[in-house]
Amino acid sequence: MARALQLARRGLYTTTPNPRVGCVIASGGRVLGEGWHQRAGAPHAEIEALAAAGEAARGATAYVSLEPCVHQGRTGPCARALIAAGVSRLVAAHADPNPLVGGKGLAELAAAGIAVESGLLEEAARELNIGFVTRMTRGRPWIRMKIAASLDGRTALNNGMSRWITGAAARRDGHAWRARACAVLTGIGTVRDDDPQLTVREVDTTRQPLRVVVDSRLETPPAAKVIAGGASLIAAAVGDAARCRALQERGAEIFVCANAGGKVDLEALMRELARRGMNEVHVEAGFKLNGSFLREGLVDELVLYLAPHLIGDAARGMFHLPELEDLKGKRALDVRDLRMVGDDIRVIARVANP
């Protein structure tokens, strides 16, 4: 199963909207065939492994990092392929949270006389597909927020300048997180201050994430880099026809979703991205939008880079949040990883009860 998870990780940047899945077929301690799902529309991991094993799969055990599918999608049902190949045992890391599967694959295999087990290395398998699991169970993507800050928690000067607080190694690492995401999101303030591309450039990838700008009043300049040469979505609270047309002529799509306060309804936007098959959303925004996401309980994970510099209180912080009068209101984090990336400190933390 550990090998199946290694194989699944090869699809880290490519399988969206599908989960990352690996499969190993073995017998008597000997690997007979292995495979992994490479991209949507390509054969699933089980089909690749069965093709590699050939007739040797009969009577063998299949180790799969996710329950085999039982429905007809772009490809055929993997559970039936395993039955036809004559495997005698199936070990899955965990059941598929997709309601179209949801235990049906394991049940069909068991009904065919195959010994079925589930739960081996389940936590590691779920972590690998945390966005897919979140989309299937919570109806929204996994939201990961990346912040680069000084050691005193400042993300930009008061005039908006922020390039570069962290070093080159941290920026490369940040691009790797972008590459695994389905969408990279920022706000209109960052577009105005930095004119970012929001593309993956520092790591090799065959796929660029959707670029999303939260822009309540449709103030994104038509010449902005973020809407040039790739799929982009502007989330707005107004539908001004002239501004929409100018942005659409540059290739941007407009999605209007206003909340009661006349701002972009972030929760509705996340539901829309989930509807489009987005598993992981990578947020790189300013302190105001960061604060809005956190206040609305929409941040699952922080990837925080702290540079060995001090900038001072006059500079911008990480989150625009209301003042606390009691420390009982502090927001709890669960630190999952802490390490040096170049000269910078990288902290990966989960937000408790988002």
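Predicted model, so just to flag it, every value in this text is computed and none were measured.
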Is the closest basic N to carboxylate O distance between [X] and [Y] below 4.0 Å?
| X | Y | result |
| --- | --- | --- |
| E284 | R178 | yes |
| E272 | R275 | yes |
| D215 | R217 | no |
| E280 | R20 | yes |
| R336 | E301 | no |
| D193 | R316 | yes |
| D300 | R144 | no |
| E202 | R171 | no |

Spacing of [X] atom [atom1] and [Y] atom [atom2] [to the nearest 0.5 Å]:
| X | Y | atom1 | atom2 | answer |
| --- | --- | --- | --- | --- |
| H44 | L66 | NE2 | CG | 10.0 Å |
| F287 | S292 | CZ | OG | 10.5 Å |
| D204 | H175 | CG | NE2 | 13.0 Å |
| L82 | E108 | CG | CD | 10.5 Å |

Hey, are [Y] and [X] close enough side-chain-wise for a donor-acceptor pair under 3.5 Å?
| X | Y | value |
| --- | --- | --- |
| H320 | N290 | no |
| Y305 | D173 | yes |
| R207 | T205 | no |

Inset, instruction - Answer with yes or no whether the hydrophobic clustering places I130 together with I143; edges join I, L, V, M, F, W, Y residues whose side-chain heavy atoms lie under 4.5 Å apart. - result: no
Inset, instruction - Taking atom CG of D337 as the centre, report whether more than 12 heavy atoms of other residues, nucleotides or ligands fall under 6.0 Å from it. - result: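 Yes, enclosed.
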Legend entry - Residue pairs, two or more places apart or on separate chains, that pass salt bridge (Lys or Arg N to Asp or Glu O under 4.0 Å) and touch residues 3-19: R3-E34
Legend entry - For the student: nearest non-hydrogen atoms of A268 and F255, plus distance: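 Heavy-atom minimum between the residues: O-CE2, 4.4 Å.
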